[in-house]
> 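Let me begin by handing over the structure; questions about it come next.
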Amino acid sequence: MKIPELCLVALVGVSGSGKSTFARKHFLPTQVLSSDAFRALVADDENDQSASADAFAALHFVAGKRLAAGRLTVVDATNVQPHARQALVALAREHDVLPVAIVLDVPEDECWARTQARPDRDFGRQVISRQQRDLRRSLKHLGREGFRQVHVLHGVNEINTAEIGYEKLF
Ligand code: ATP
Ligand code: MG
């Protein structure tokens, strides 16, 4: 896939779909703003969901500073809910930067199997099922929500073989 040299990338995928892994593989650590890292920054605990509002406020603030400086920014959060994506589209527009969605669409069973094997996650399957339902509902709306490019990677194979190139856009 080719994405603009300067854009705001929203990764979209349920917990365990491999967003953080994908981000590490394709982007610089400093380009990636993850909701977990911001929960840890504001609440000392990356799993503290009660810290989400503050964590996202801080994440959006930093993303805005990066975009204002013309730096590619990747938001590593589930982004399966419309309001989460709307905030990112608005932020990109505010800074005259193109919002791009990269969707990691991985079967729920696979995500759940991975989650059970993770020491850093302890929620139940219903959490992933709900996110999966939100994702399914979201897929057809992404373009209309304002994302200028929507790249959907279907399954582990497409995710593992994906390559990212850059195009200059004026
Ligand atoms: P969360 O939303 O909970 O942060 P995530 O989408 O960021 O989840 P990762 O942390 O990247 O997911 O990956 C979850 C687990 O799945 C990890 O144990 C990781 O090693 C494994 N995993 C990620 N991507 C792949 C892949 N392409 N193939 C096999 N395993 C993978
Ligand atoms: Mg992650």
Side-chain angles (χ1 to χ4, degrees), residues 1-40 45-49 52 55-56 59 63 66 72-89 92 98-167:
M1 71 182 84
K2 273 216 187 321
I3 63 174
E5 246 177 0
L6 172 57
C7 61
L8 175 61
V9 177
L11 297 180
V12 180
V14 307
S15 188
S17 60
K19 301 177 298 294
S20 300
T21 304
F22 184 87
R24 263 195 302 278
K25 178 175 174 186
H26 295 284
F27 301 100
L28 300 172
T30 48
Q31 291 176 323
V32 180
L33 305 182
S34 96
S35 51
D36 286 342
F38 277 88
R39 276 193 203 92
D45 176 359
E46 67 169 54
N47 284 305
D48 184 350
Q49 300 301 313
S52 289
F56 278 102
L59 186 156
R66 291 185 54 85
L72 178 103
T73 301
V74 180
V75 177
D76 173 11
T78 57
N79 292 317
V80 291
Q81 295 191 339
H83 71 87
R85 297 188 299 269
Q86 274 154 21
L88 299 179
V89 168
L98 297 180
V100 170
I102 301 180
V103 182
L104 278 60
D105 187 10
V106 176
E108 186 180 323
D109 287 345
E110 172 74 23
C111 297
W112 173 235
R114 290 176 182 176
T115 296
Q116 286 174 291
R118 288 170 76 180
D120 57 333
R121 290 290 183 273
D122 68 349
F123 47 73
R125 172 153 189 158
Q126 77 281 0
V127 171
I128 291 179
S129 300
R130 189 182 343 108
Q131 293 175 349
Q132 186 74 23
R133 212 159 47 235
D134 289 338
L135 175 65
R136 291 261 81 75
R137 282 196 196 120
S138 294
L139 278 173
K140 51 183 175 295
H141 301 302
L142 291 172
R144 258 179 288 155
E145 287 177 359
F147 288 99
R148 292 292 294 273
Q149 297 181 348
V150 178
H151 302 280
V152 184
L153 299 171
H154 298 283
V156 180
N157 192 47
E158 277 189 31
I159 290 169
N160 288 343
T161 56
E163 290 186 37
I164 295 182
Y166 293 97
E167 55 189 353

> Identify the two heavy atoms, one from Pro4 and one from Leu72, that lie closest to each other, and give their separation to 0.1 Å.
O-CD1, 3.9 Å
> Calculate, to the nearest 0.5 Å, the distance between atoms CZ and NE2 belonging to Phe56 and His83 respectively.
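Output value for this atom pair is 8.0 Å.
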> If a pair satisfies salt bridge (charged side-chain N to carboxylate O under 4.0 Å, His left out) and one of its residues is in residues 138-159, list it, with sequence neighbours excluded.
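Qualifying pairs: Arg85-Glu145.
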> Between Val75 and Leu59, does the side-chain contact (heavy atoms from CB on, under 4.5 Å) criterion hold? Intermediate values first, please.
CA-CA 8 Å; Val75 177; Leu59 186 156; 4.0 Å; yes
> Please examine the side chains of Val100 and His151, heavy atoms only from C-beta on, and report whether any two atoms are closer than 4.5 Å.
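The answer is yes, as the side chains (C-beta and beyond) meet within the 4.5 Å cut-off.
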> How long is the span from the OG1 atom in Thr21 to the CG atom in Asn160, to the nearest 0.5 Å?
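Result: 9.5 Å between the selected atoms.
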> Report, one line per pair, each donor and acceptor closer than 3.5 Å where one atom sits in a side chain of residues 127-135; sequence neighbours left out.
unit_1, atom_1, unit_2, atom_2, d
Ser129, OG, Glu108, OE2, 2.6
Ser129, OG, Arg125, O, 3.2
Gln131, OE1, Ser15, N, 2.8

> Please report the shortest heavy-atom distance between Leu11 and Ala23, naming the atom on each side.
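Nearest heavy atoms, Leu11 then Ala23: CD1-CB, 4.0 Å.
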> Counting N and O atoms only, with roles assigned by atom type, does the side chain of Lys19 sit under 3.5 Å from a partner on the main chain of Val14, one being a donor and the other an acceptor?
yes
> Which heavy atom in Pro99 sits nearest to a heavy atom in Gly146, and how many Å separate them?
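Closest approach of Pro99 to Gly146: CG-O, 3.4 Å.
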> Is there a side-chain contact (heavy atoms from CB on, under 4.5 Å) between Gln149 and Met1? Walk through the geometry before answering.
CA-CA 10 Å; Gln149 297 181 348; Met1 71 182 84; over 6 Å; no
> Give the minimum heavy-atom separation between Phe147 and Ala10, together with the two atoms involved.
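For Phe147 and Ala10, the tightest heavy-atom pair comes out as CE2-CB, 3.9 Å.
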> Taking Gly16's backbone N and O only, do any of them form a donor-acceptor pair with Arg114's side chain (distance below 3.5 Å, no angle check)?
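Yes.
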> For Val9 and Cys7, work out which heavy atoms get closest and say how close.
CG2-SG, 3.7 Å
> Compare every heavy atom of Phe22 with every heavy atom of Ala162, then report the nearest pair and how far apart it is.
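For Ala162 versus Phe22, the nearest heavy atoms are CB-CE1, 4.2 Å.
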> Determine yes or no for a side-chain-to-main-chain donor-acceptor pair under 3.5 angstrom, with Ser138 supplying the side chain and Val80 the backbone.
yes
> Under the side-chain contact (heavy atoms from CB on, under 4.5 Å) criterion, do Leu153 and Ile102 qualify, and how do the steps go?
CA-CA 7 Å; Leu153 299 171; Ile102 301 180; 4.2 Å; yes
> Output the distance between atom CZ (Arg39) and atom OG (Ser34), rounded to the nearest 0.5 Å.
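The OG atom of Ser34 is 8.5 Å from CZ of Arg39, to the nearest 0.5 Å.
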> Going by an N to O cut-off under 4.0 Å, is there a salt bridge joining Asp76 and Arg24?
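Between Arg24 and Asp76 there is no salt bridge, as every charged N stays at least 4.0 Å from the carboxylate O atoms.
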> Should Leu8 and Leu98 be marked as a side-chain contact (heavy atoms from CB on, under 4.5 Å) after you check the CA-CA gap, both sets of side-chain angles, and the distance that decides it?
CA-CA 6 Å; Leu8 175 61; Leu98 297 180; over 6 Å; no
> Hey, mind stepping through Glu163 and Lys2 against salt bridge (charged side-chain N to carboxylate O under 4.0 Å, His left out) and telling me if it holds?
CA-CA 8 Å; Glu163 290 186 37; Lys2 273 216 187 321; over 6 Å; no
> Taking the side chain from Arg66 and the backbone from Leu33, do they hold a donor-acceptor pair closer than 3.5 Å?
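Side chain of Arg66 to backbone of Leu33, a donor-acceptor pair under 3.5 Å: no, none is there.
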> Pick out which of Thr115, Asp122, Asp120 makes a side chain to side chain donor-acceptor pair (under 3.5 Å) with Arg118.
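So, applying the side chain to side chain donor-acceptor pair (under 3.5 Å) to Arg118 and each of Thr115, Asp122, Asp120, only Asp120 qualifies.
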